[in-house]
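Each remark here refers to the structure printed beneath this line.
Every chain is numbered from 1 and lettered A, B, ... according to where its sequence line falls, protein lines coming before strand lines.
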Amino acid sequence: MNKFRSHKCNELNKKDIGKDIILSGWINKKRDHGNLLFIDLRDNYGVTQCIIEKQNKNFSELEKIQLETVIQVFGKVVNRSKDTINKELETGEVEVSIKDFKILGTCKELPMPVFSDQEYSEEIRLKYRFLDLRRKKIHENIILRSKVISFIRNQMHELGFLEFQTPILTSSSPEGARDFLVPSRLNPGKFYALPQAPQQFKQLIMVSGFDKYFQIAPCFRDEDARADRSPGEFYQLDLEMSFVEQEDVFEVVEKLLVNTFKKFSKKKLMFNKFPKISYSEAMLKYGTDKPDLRNPLIINDVTEIFNRDDVSFEIFKKLIKSGSKVRCIVTKNTKNKPRSFFDNIDKWAKSQGASGLAYFTIENDKEIFAKGPIGKFFSKDALREIMKKTLAEDGDSIFFACDKQIEVEKIIALARDKIARDLELINENIFAFCWVVDYPMFEIDSQTNKINFSHNPFSMPQGDTDKINFEKPLEILAYQYDIVCNGIELSSGAIRNHIPELMYKLFSVAGYTEDQVNEKFSGMISALSYGAPPHGGIAPGIDRIVMLLANEKNIREVTMFPMNQNAQDLMMNAPSKINEKQLKELNISLNLKK
RNA sequence: GGGGGUGUAGCUCAGUUGGUUAGAGCGAUCGCCUGUCACGCGAUAGGUCGAGGGUUCGAGUCCCUUCACUCCCGCCA
């Protein structure tokens with residue numbers, strides 16, 4: 001028998017009555033009746049009620065003991081009378097009558113209670129993360145995370161993938177996010193970078209002939225945090241396959257995600273076969289490349305209708321002349337909604353920095369007409385045209401936004417979400433996955449007016465490689481895809497460009513010379529020149545998958561030891577200063593701003 | 001870098017129009033209590049009202065500055 005325990009705190013039941021047992025765990029809660037003391041003992045597995053009476057020599061010491069002290073209990077399992085059974089507890093039919101006990105770990109006065117449903121500030125939770133992690137909800141989230149990762153590993157092995165580790169100290173790359181840098185002692189003045197993703201390595205693994213690779217890979221990006229984005233590090237299910245087309249990658253990922261989400265959540269999947277939406281369609285219909293398909297509202301472009309002579313809404317007409325677009329959202333059967341419903345949405349839009357949302361409601365008084373602030377600007381014909389275009393009917397309302405394309409997409413996408421939430425159109429008990437495909441290879445940087453890679457410079461452009469028109473780079477589409485669930489981007493991936501000559505051409509469009517490409521991506525270019533297989537892959541975000549499964553909105557709720565928004569670890573005091581000797585070894589001197 | 005929110009006891013929070021000695025619950029300490037499972041009852045201790053400055057006879061409350069945490073924008077191939 002183990003020195004510390006004969007049973008775990010979830011194990012004892014009626015069959016064990018009469019047995020002498022040993023339990024070890026934390027004191028979750030005490031209930032002191034003066035001559036009778038109840039102690040709820042907790043471990044990772046559950047809670048067992050222990051009981052001691054005044055006659056016992058240990059009574060007064062146990063009565064004084066702090067919550068969260070770790071103790072070992074020697075006792076006998078006893079029956080509970082019918083009216084004292086606790087159905088909430090796995091062990092609730094029995095209790096342990098304490099004979100003796102031993103303190104294994106003392107506990108000072110707690111900075112935050114462990115046994116409580118109260119919410120605490122992030123500051124205190126992160127500083128005392130080890131206490132926070134004892135609490136039920138987050139403890140279960142972390143266990144869920146472990147199970148999900150283990151399940152995914154098994155699935156990947158079953159699907160024929162091999163897991164490999166890739167370097168953590170690697171080289172800085174010019175594209176993408178800001179790198180975390182590590183100075184090199186042996187190479188003065190030079191720096192390693194932590195990988196933003198094992199992107200180049202996984203392609204090199206394919207060139208090395210391993211066919212199917214995966215890794216639960218740590219990724220490091222020095223970018224500012226969000227609720228769903230940890231500063232510093234996060235994990236991806238990184239995978240790559242040789243001799244595949246886009247569809248082959250989709251098949252693997254769909255299988256994996258369907259299995260995982262069915263196993264770990266009670267929520268239903270909206271689609272077992274994930275719909276594919278092109279990037280341009282997503283931007284038009286949803287205003288974003290991460291559409292929440294639980295939301296039934298669809299955006300329409302009605303710019304043309306506002307150009308008609310029988311539409312006299314001059315504000316929009318003027319904006320359209322200077323290049324703006326009009327996008328709209330139809331809400332079904334909202335003619336009886338109170339004025340405040342519409343006003344709130346307009347007010348909300350203004351708070352989001354838009355000039356507001358114009359709207360009218362379609363009503364029928366013998367003849368159809370538009371009622372509302374801008375209704376009077378439309379002729380019957382124009383109104384019918386809008387209804388035809390947007391499939392709006394009598395009783396529906398239409399909200400309009402007008403701005404430059406990028407701006408109007410942004411605000412109408414937010415409005416789509418806001419309106420759906422106000423009308424409670426989103427079913428929270430569903431996972432709606434979709435693929436967003438056909439991303440453009442390049443985009444224009446709005447600040448510098450230069451052409452940049454819009455996603456990944458290593459993606460394969462679509463079409464016959466001989467016939468790609470490099471004169472119109474913005475029209476080149478890539479075999480580049482994202483997977484989105486409930487409006488959350490889970491991952492992006494691509495079929496890679498394994499042809500060096502084509503890569504040089506694409507990089508030259510983005511302003512890189514051949515020499516620059518050779519210098520920055522020497523390993524990759526070299527590898528692709530010695531017989532590279534066609535290959536492609538994807539990298540779903542583990543943290544976000546677990547977030548969805550745990551039904552959490554904040555990534556720190558599924559991360560064991562996260563940093564705060566300023567990328568500090570309050571428990572470990574990271575980052576921290578280093579001493580002169582360390583700096584000297586690294587040939588580094590500090591030049592801090594006052 | 002910018003915008004919003006929050007900051008009062010160890011923890012979670014209340015604190016009215018600027019007005020007496022800043023309150024509650026949990027926790028801590030002490031006492032009572034033999035069937036609780038958020039046990040109950042009584043008492044005690046515990047406060048730089050985030051910090052600094054200002055207005056005022058008087059500031060937790062109003063004004064300015066600043067710090068911390070958080071949410072969002074920028075950023076995130």
Using a cutoff of under 3.5 Å, can you pull out all pairs of nitrogen or oxygen atoms linking the protein to nucleotides 4-7 of chain B, with atom names and distances?
none

For residues 214-235 of chain A, pull every pair meeting ring-ring contact (aromatic ring centres under 6.0 Å, His included), keeping only residues two or more places apart or in separate chains. A/His157-A/Phe214

With 3.5 Å as the limit, what N/O pairs link the protein to nucleotides 38-45 of chain B?
residue : atom : partner : partner atom : Å
B/C39   : OP1  : A/Lys29 : NZ           : 3.2
B/C39   : OP2  : A/Arg31 : NH1          : 3.1
B/C39   : N4   : A/Asp32 : O            : 2.1

What residues from residues 562-572 of chain A pass a heavy-atom cutoff of under 4.0 Å to RNA chain B? A/Asn564, A/Gln565, A/Asn566, A/Gln568

Atom CD of A/Gln49 to atom P of B/C37: distance rounded to whole Å? 10 Å

Tell whether A/Glu119 reaches the base of B/U12 with its side chain through a donor-acceptor pair below 3.5 angstrom. no

Polar pair under 3.5 Å, donor/acceptor by atom type, side chain A/Glu95, base B/G35: yes

Under the rule for ring-ring contact (aromatic ring centres under 6.0 Å, His included), what residues qualify as partners of A/His139, not counting sequence neighbours? none

With rounding to whole Å, what would you report as the distance between B/G60 and B/C49 at their C1' atoms? 5 Å

Looking only at atom C1', what distance separates B/U8 and B/C41, rounded to whole Å? 29 Å

Length of the CD-P vector between A/Glu489 and B/C75, whole Å: 15 Å

Excluding sequence neighbours, so at least two apart, what forms side chain to side chain donor-acceptor pair (under 3.5 Å) with A/Asn573? none

Nearest to side-chain heavy atoms of A/Leu67, which nucleotide of B/G74, B/A28, B/C11: B/A28

Has A/Lys505 got more than 12 heavy atoms of other residues, nucleotides or ligands less than 6.0 Å from its NZ? no

Of all residues at least two apart in sequence or in a different chain, which pass the salt bridge (charged side-chain N to carboxylate O under 4.0 Å, His left out) check with A/Arg421? A/Asp417, A/Glu428

Among residues 225-240 of chain A, which ones have heavy-atom contacts with RNA chain B below 4.0 Å? A/Arg226, A/Ala227, A/Arg229

I'd like a table of donor-acceptor pairs (distance under 3.5 Å, sequence neighbours excluded) in which one partner is a side-chain atom from residues 488-504 of chain A, with atom names and distances.
residue  : atom : partner  : partner atom : Å
A/Arg496 : NE   : A/Glu240 : OE1          : 3.4
A/Arg496 : NE   : A/Glu240 : OE2          : 2.8
A/Arg496 : NE   : A/Ala494 : O            : 3.4
A/Arg496 : NH2  : A/Glu240 : OE1          : 2.9
A/Asn497 : OD1  : A/Ile499 : N            : 3.0
A/Tyr504 : OH   : A/Asn518 : OD1          : 2.5

Which residues satisfy the salt bridge (charged side-chain N to carboxylate O under 4.0 Å, His left out) test with A/Asp289, sequence neighbours excluded? none

For A/Ser492, report the nucleic acid contact type (base, sugar-phosphate, nothing); a contact means any heavy atom under 4.0 Å. nothing

Does A/Asp83 contact B/G35 through a side-chain donor or acceptor facing the base, at a distance under 3.5 Å? no

Secondary structure of RNA chain B in dot-bracket form (Watson-Crick or G-U wobble, distances below 3.5 Å, | marking inter-strand pairs): (((((((..((((.....[...)))).(((((.......))))).....(((((..]....))))))))))))....

Rounded to the nearest Å, what distance is computed from the CG atom of residue A/Leu36 to the P atom of nucleotide B/C32? 16 Å

Solution key, residues 108-119 of chain A side-chain donor-acceptor pairs under 3.5 Å, sequence neighbours excluded:
residue  : atom : partner  : partner atom : Å
A/Ser116 : OG   : A/Gln118 : N            : 2.9
A/Ser116 : OG   : A/Tyr120 : OH           : 3.1

Rounded interatomic separation in angstrom, taking CE from A/Met112 and C1' from B/A28: 17 Å

Spacing of A/Asp117 atom CG relative to B/C11 atom C1', expressed in whole Å: 14 Å

Length of the NZ-P vector between A/Lys54 and B/G35, whole Å: 14 Å

To the nearest 0.5 Å, what is the distance between CG (A/Leu181) and CG (A/Asp179)? 5.5 Å

Against the side chain of A/Glu223, the closest entry in B/C75, B/G25, B/G10 is B/C75

